[in-house]
There are 2 protein chains.
Amino acid sequence: MPDSAIRPRKEFGKTIAADITHRLREEIVTCGLAPGEPLRFDVLRERFGASFTTLREALTALAAEGLVDAQEQRGFRVAPVSRQDLVEVTDARVLIEVELMRRAIQKGDDDWEIAVISTLHRLKRIEQRDPEHPLRDPEWKIAHRQFHQALVSACGSATLLAIRAELFDRAERYRLLSANFRPRPRDKAGEHQAIMQAAISRNADLAVQLIETHIRTTADNVAKYAGHLLDPE
Amino acid sequence: MPDSAIRPRKEFGKTIAADITHRLREEIVTCGLAPGEPLRFDVLRERFGASFTTLREALTALAAEGLVDAQEQRGFRVAPVSRQDLVEVTDARVLIEVELMRRAIQKGDDDWEIAVISTLHRLKRIEQRDPEHPLRDPEWKIAHRQFHQALVSACGSATLLAIRAELFDRAERYRLLSANFRPRPRDKAGEHQAIMQAAISRNADLAVQLIETHIRTTADNVAKYAGHLLDPE
DNA sequence: CCCAGACATATTTTCGAAAATCATACCGTT
DNA sequence: AACGGTATGATTTTCGAAAATATGTCTGGG
């Protein structure tokens, strides 16, 4: 693998800009960069080792995704969080994810079923390994994302999947924001199992209801345990 | 107004990049730049009078909106059109616009009613002035966009409004694509009037049904009259 | 004649300096 | 002391050259 020697910086994507976009998104979603924090070019330049222009391109892309707030002539900052935004993201997610769940259940073929089952399996394995603090574990995070992605992947609309992915990231930032203050993560394993079974058995109404509850419960917990971070000052 | 002398280029927004983004979006939506057309920097540089970097930032933003297709290391091109994409955009629009219509009807206050009525009024005036070919008239286009925007503006979700706006632009490109081949624009005036009345009288079910028909009929006409442009080669 | 490899050209991507803009502190006036 | 304007420093934004990458052409071997 000569690549890692030739292009050590580009873990993701071919261009540096795409790579920086990816890394910045990660940092913002995991709250490594705090909500509302100003993103000054000097600092970013040092942290990511890229030039003004390249960083600017990455920030512009993230601004379009809603993770970064662009203030013309006054730079960029991490998109702030708020109760209102959390409610909007949650509502939008329910609206879209419910629709995609129905479509996926209707259209899903064998490969879809296999993807749903196997991604849930991997998620469970990771949870078994360390049942204490899964929410912050990067591996759990990836597996969790992939399971939810797999559930709706067969919906047939790349357009809606892209929108869903953006909203998922924005919601995940809230989850991770509240993770530090949550006394104990609730039993998501059971919920995921139930959703998978409803989906595979093509029980659309049940799956949809479970998904909606899943999303709203998570959001409620964020509001409950990170409420002090959601209001101005 | 000394501004026009000081900053002759920046009609929209404060930064050149934002201005170029706006102008490029306009050109793409109106099909001044054809779907699939490669966007080479030399050409853009001459046409918009901005540097590589600034153009790159604009293209990145438009790529996130789905109007431009970014091929890493191989430049950008205007997002191609296809039957599949038209169907996806139409379905997504129906899903979201219907939901927003309901919310706006539920939440809309006096200002909302006034905005709906006045934007429709302006639209009608423009149609009366030139009842022949309104679809390509830039003024009609703006008024039409503002009427539909006003209808859902009271929904209470900036997040969903932003998504809606993106989808509206993508759909408008298809409308303008087919405008040249359409024998005669159908009577949209009546439809708009009916939608307005249903909305103002808070008849959500009717308004929603009219909106859905409005969107789908438009998309069907695009497929009908511009079908030859939607299939590969 | 067709294909693989190497060279040359075209195009994109990245960089850091330079210009433009904004924020802050300072100063003189009322 | 309060205010308005101005100079100064900090930060963003823009630019075109330079590096990196892709594309096209040509040549030689099969």
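Chain letters run A, B, ... following the sequence lines, proteins first and then strands; every chain starts at 1. Just so it is clear, the model here is predicted, and its values are computed rather than measured.
Distances from the side chain of D42(A) to the nucleotides dT13(C), dT23(D), dT11(D) place dT11(D) closest. Across dC22(C), dC15(D), dT21(D), the shortest atom-to-atom separation from the side chain of K14(B) is found for dC22(C). Checked against dT12(C), dT21(C), dT13(C), the side chain of T15(A) finds its nearest nucleotide in dT13(C). Among dA23(C), dC15(D), dT21(D), the nucleotide with an atom closest to any side-chain atom of Q73(B) is dT21(D). The listed nucleotides are dT13(D), dG16(C), dT14(D); the one nearest the side chain of I16(B) is dT14(D). Counting only heavy atoms from C-beta on, F41(B) has its side chain closest to dT12(C) among dT12(C), dC22(C), dC15(C). In the set dA23(C), dC15(C), dC15(D), the nucleotide with an atom closest to the side chain of S51(B) is dC15(D).
Residue L39(B) is in sugar-phosphate contact alone, with no base atom involved, counting any heavy-atom pair closer than 4.0 Å across all strands shown.
Residues forming a side-chain contact (heavy atoms from CB on, under 4.5 Å) with A223(B) (at least two apart in sequence, or on another chain): R83(B), L86(B). In terms of the side-chain contact (heavy atoms from CB on, under 4.5 Å) criterion, residue partners of A79(A) (sequence neighbours excluded) are, by chain and number, R173(A). Partners of T53(A) by side-chain hydrogen bond (donor to acceptor under 3.5 Å, both in side chains), not counting sequence neighbours: none found. Partners of Y225(B) by ring pair (Phe, Tyr, Trp, His ring centres under 6.0 Å), not counting sequence neighbours: none found. The ring pair (Phe, Tyr, Trp, His ring centres under 6.0 Å) search around F147(A) returns H192(A), not counting sequence neighbours.
Between F181(B) and H228(B), the ring-plane angle classifies as perpendicular under the 30° and 60° cut-offs.
Looking at residues 52-64 of chain A, you'll see F52(A), T53(A), T54(A) sit with a heavy atom under 4.0 Å from some atom of DNA chain C.
Listed by first and then second residue, the side-chain hydrogen bond (donor to acceptor under 3.5 Å, both in side chains) pairs that reach into residues 88-99 of chain A are Q84(A)-E88(A), E88(A)-T159(B), D91(A)-R216(A), E97(A)-R164(A), E99(A)-R103(A), sequence neighbours excluded. Contacts classified as side-chain hydrogen bond (donor to acceptor under 3.5 Å, both in side chains) and involving residues 35-50 of chain B (residues at least two apart or in different chains) are given here: E27(B)-R47(B).
For the pair D169(B) and R145(B), the salt-bridge criterion is met [side-chain N within less than 4.0 Å of a carboxylate O].
Each end of the helix from dC1(C)-dG30(D) to dT30(C)-dA1(D) gets its own rotation axis from five pairs of C1' atoms, and the angle between them is 10° to the nearest 10 degrees.
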